[in-house]
Amino acid sequence: MSAINQPCNALPRNPPRRRGMCPGVLAPMEVGDGLLVRVRVPAGVLPAASAKRIAELGRRYGNGLVDLSHRGNLQLRGVAAADMAALIAELRALGYVSEDAESEAVRNVLTSPTAGLDGTAVLDVRPNALALDARLAADRDLHRLPPKFGWLIDGGGQAPLFDSSTDVRFDAVDGPLFRVGLGGTFEGAAVLGHCRPDDLVELAAALALAFLELRQTLAEPPRRMAGLVKALGVEVLRERVSGLLSCPYPSHAAHGPLPSPAGQGREIPPPQTSSPPLRSSRANQRFALTRQADLRSAESGGGSGWGQTPPTRHFLGRQPSWPPVSWLGVAFPFGRLDVDRLEALAALTHEIRITPWRALLLAAPQDGAAEKATALGGILDHHDIRLKLTACSGVTGCDVGTTDTHADGLAIAARAAGLLEAVRMVHVSGCAKGCAHPGAADVTLTAREGVYDVALNAAPGGAPWRSGLTPSEAVTAVASLSEADLSVEELSCVR
């Protein structure tokens with residue numbers, strides 16, 4: 001019997017812990033339902049034929065579940081250790097296995113998923129992303145980077161990556177140039193300067209080497225760029241790479257405001273919804289998220305404080321809404337689907353794009369693809385309240401979790417629609433570690449020993465409003481907030 005089919009109380013539980021690594025094909029991670037295998041897809045571009053083959057491998061060697069990660073990767077679940085050699089050989093034949101675990105671990109390049117599909121973007125960044133991915137894999141001097149050190153290349157357009165946090169980011173601006181930021185989101189990162197597209201890879205390598213050298217000068221070497229910038233400032237890094245910057249660092253006083261993210265302010269058509277949203281008839285707009293949830297640390301990967309994605313980012317459904325359609329955006333609750341759905345979606349297109357919003361884009365989809373994706377359980381509407389939910393894998397997929405976080409989250413969607421319409425996020429966490437979202441949310445349920453502590457405007461493990469609730473009691477408690485029609489100030493005072 002696989003771990004996923006065993007009774008919850010039959011599974012051994014471990015205390016929450018920081019693993020300090022990211023899984024891969026050559027370095028799978030032991031979790032509650034077997035080995036978790038993360039497949040890094042260069043530039044997030046997955047040919048349909050490869051997607052079908054990966055689905056077959058997940059069915060043969062795993063438990064059939066597939067997760068979409070917030071760094072734009074595919075994850076196969078439930079793989080047995082005895083099957084890893086065969087799985088590696090199959091994935092290597094597809095081109096998704098690095099030479100060794102060290103080269104695999106540093107290939108963390110997040111790329112605009114709409115690159116080459118979105119006519120409002122400044123630049124098609126796929127060549128830049130593929131070149132950086134190849135350099136990271138081949139340059140052994142860069143394999144000393146910490147395993148979670150990340151890169152971001154954003155071409156802009158109607159689905160930009162401005163709120164994704166990373167260590168080094170390249171945001172396309174008119175020119176075209178890349179605005180280079182260190183440690184954070186577009187607004188939060190320290191601005192290094194600008195570079196030409198042709199210089200991106202060399203600048204990235206130079207910044208990586210400078211980071212590795214400078215971190216060793218500190219008593220406690222930081223593992224992320226934000227920590228180094230906080231300790232030493234940005235100027236010391238700028239001096240190391242000044243020859244690769246295309247223009248001097250822009251002064252706000254002399255040159256006015258910095259360029260906005262690519263695509264910001266451009267004409268973007270409103271999205272067309274292709275599936276009926278799961279929503280309440282009563283719009284309770286009096287809830288709002290406290291500022292805490294927008295302050296996620298660059299150390300943890302960052303985010304905007306929304307669930308899977310804010311409704312203002314237009315990528316779900318048919319885009320654009322008139323023919324010819326460039327892509328069809330399809331999300332699934334918690335970024336979880338199975339091999340059958342992946343295989344069926346691949347049959348509707350020639351190419352799939354993997355997004356950091358735990359959704360897929362079907363490039364140039366076939367006629368009728370929207371209806372078929374909806375029948376598969378896909379979400380095509382940005383305003384679907386299930387996108388306000390965030391949850392880890394819980395007891396069925398983690399050796400720490402003690403509750404079925406996905407089932408409990410969907411129960412909240414069924415009973416607290418009014419609340420979910422108004423807030424940015426309800427987070428159901430299997431433990432106090434908060435893997436799915438370490439920051440604050442409007443409502444956070446933190447599991448421990450099979451029960452939940454429910455906190456308001458807090459991170460996992462925060463001071464509870466209600467504690468020791470069974471899953472059904474916790475759902476009822478959250479539903480009561482939906483019925484209370486409280487203001488933000490009143491919500492913060494709820495006892």
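The analysis underlying the following values was restricted to heavy atoms, covering all of them including side chains, and did not include hydrogens, waters or symmetry mates.
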When you measure from the side chain of [X] to the backbone of [Y], do you find a donor-acceptor pair of N or O atoms at a distance under 3.5 Å?
| X | Y | value |
| --- | --- | --- |
| Arg341 | Gly377 | no |
| Thr185 | Gly188 | yes |
| Asp167 | Gly150 | yes |
| Thr405 | Cys392 | yes |
| Asp67 | Ser69 | no |
| Lys388 | Glu421 | yes |
| His143 | Leu136 | yes |
| Thr446 | Gly461 | yes |
| Arg215 | Pro222 | yes |

Could you tell me whether the side chain of [Y] reaches within less than 4.5 Å of the side chain of [X], counting heavy atoms only?
| X | Y | result |
| --- | --- | --- |
| Ser482 | Leu420 | no |
| Cys431 | Pro460 | no |
| Tyr96 | Ser50 | yes |
| Leu376 | Leu337 | no |
| Val426 | Thr390 | no |
| Cys398 | Ser393 | yes |
| Ile352 | Leu342 | yes |
| Ser164 | Leu152 | yes |

Rounded to the nearest 0.5 Å, how far does [atom2] of [Y] lie from [atom1] of [X]?
| X | Y | atom1 | atom2 | answer |
| --- | --- | --- | --- | --- |
| Thr166 | Leu110 | OG1 | CG | 7.0 Å |
| Leu361 | Leu328 | CG | CG | 8.5 Å |
| Met225 | Leu192 | CE | CG | 8.5 Å |
| His314 | Leu316 | NE2 | CG | 10.0 Å |
| Ile354 | Leu360 | CD1 | CG | 6.5 Å |
| Arg77 | Asp33 | CZ | CG | 4.0 Å |

List the atom of [X], the atom of [Y], and the distance in Å for their closest heavy-atom pair.
| X | Y | value |
| --- | --- | --- |
| Ala373 | Leu345 | CB-CD2, 4.0 Å |
| Trp465 | Ala477 | CH2-O, 3.6 Å |
| Pro28 | Met84 | CG-CE, 4.0 Å |
| Thr402 | Ala447 | OG1-CB, 4.2 Å |
| Val25 | Val37 | CA-CG1, 3.8 Å |
| Ala458 | Thr444 | O-OG1, 2.7 Å |

Who pairs with [X] by side-chain hydrogen bond (donor to acceptor under 3.5 Å, both in side chains), at least two apart in sequence or on another chain?
| X | answer |
| --- | --- |
| Ser103 | Asp100 |
| Arg358 | none |
| Arg60 | Glu90 |
| Glu449 | none |

(message) I'd like to know if Asp163 pairs up with Arg313 as an ion pair, taking the criterion as any Lys NZ or Arg NE/NH1/NH2 lying under 4.0 Å from an Asp or Glu carboxylate oxygen.
(response)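 Here Asp163 pairs with Arg313 in a salt bridge, since their nearest N and O are under 4.0 Å apart.
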(request) Using a strict 4.0 Å threshold on nitrogen-to-oxygen distance, state whether Arg59 and Glu56 make a salt bridge. (result)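 No, this pair does not count.
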(message) For Arg448, give me all partners under side-chain contact (heavy atoms from CB on, under 4.5 Å), at least two apart in sequence or on another chain.
(response)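 Arg448: side-chain contact (heavy atoms from CB on, under 4.5 Å) contacts with Val451, Asp453, Ser467.
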(request) Pick out which of Leu145, Val229, Leu142 makes a side-chain contact (heavy atoms from CB on, under 4.5 Å) with Phe211. (result)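 One option only clears the test, and that one is Leu145.
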(request) Any side-chain hydrogen bond (donor to acceptor under 3.5 Å, both in side chains) involving residues 34-43? Give me the pairs, sequence neighbours left out, ordered by first then second residue. (result)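 Listed once each, the pairs are Arg38-Gln75, Arg40-Asn108.
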(message) Applying side chain to side chain contact (heavy atoms under 4.5 Å, CB included) to Leu46 and Ile54, what does each step give before you reach the verdict?
(response) CA-CA 10 Å; Leu46 183 66; Ile54 289 173; 4.0 Å; yes
(message) Would you say CD of Gln216 has more than 12 non-hydrogen atoms from neighbouring residues, nucleotides or ligands within 6.0 angstrom?
(response)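 Enclosed.
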(request) Could you tell me which residues satisfy ring pair (Phe, Tyr, Trp, His ring centres under 6.0 Å) with Trp151, sequence neighbours excluded, listed by chain and number? (result)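 With sequence neighbours excluded, Trp151 shows a ring pair (Phe, Tyr, Trp, His ring centres under 6.0 Å) to Phe149, given in chain and number order.
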(request) Could you check Arg386 against Phe334 for side chain to side chain contact (heavy atoms under 4.5 Å, CB included), going step by step and ending with a plain yes or no? (result) CA-CA 8 Å; Arg386 290 170 292 177; Phe334 318 112; over 6 Å; no
Salt bridge (charged side-chain N to carboxylate O under 4.0 Å, His left out) with [X]: which residues, sequence neighbours excluded?
| X | answer |
| --- | --- |
| Glu473 | none |
| Glu187 | none |
| Arg107 | Asp133 |

Without placing hydrogens or testing angles, list every side-chain donor-acceptor pair under 3.5 Å for residues 407-415, not counting sequence neighbours.
residue: Asp408; atom: OD2; partner: Tyr452; partner atom: OH; Å: 2.6
residue: Arg415; atom: NH1; partner: Thr476; partner atom: OG1; Å: 3.1

(message) Please list all pairs meeting ring-ring contact (aromatic ring centres under 6.0 Å, His included) that have one or both residues in residues 409-432, counting only residues at least two apart or in different chains.
(response)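 Passing the test, one end in residues 409-432: His427-His437.
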(request) Please determine, by modelled atom types, if Ser112 and Asp154 share a side-chain donor-acceptor pair under 3.5 angstrom. (result)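 Note: Ser112 and Asp154 side chains meet the donor-acceptor criterion.
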(request) Would you sort out whether Leu387 and Asp381 count as a side chain to side chain contact (heavy atoms under 4.5 Å, CB included), showing the intermediate values? (result) CA-CA 9 Å; Leu387 297 176; Asp381 182 358; over 6 Å; no
(message) Working note: Trp327 + Thr114, criterion side chain to side chain contact (heavy atoms under 4.5 Å, CB included); need CA distance, chi angles, decisive distance, verdict.
(response) CA-CA 8 Å; Trp327 74 83; Thr114 59; 3.8 Å; yes
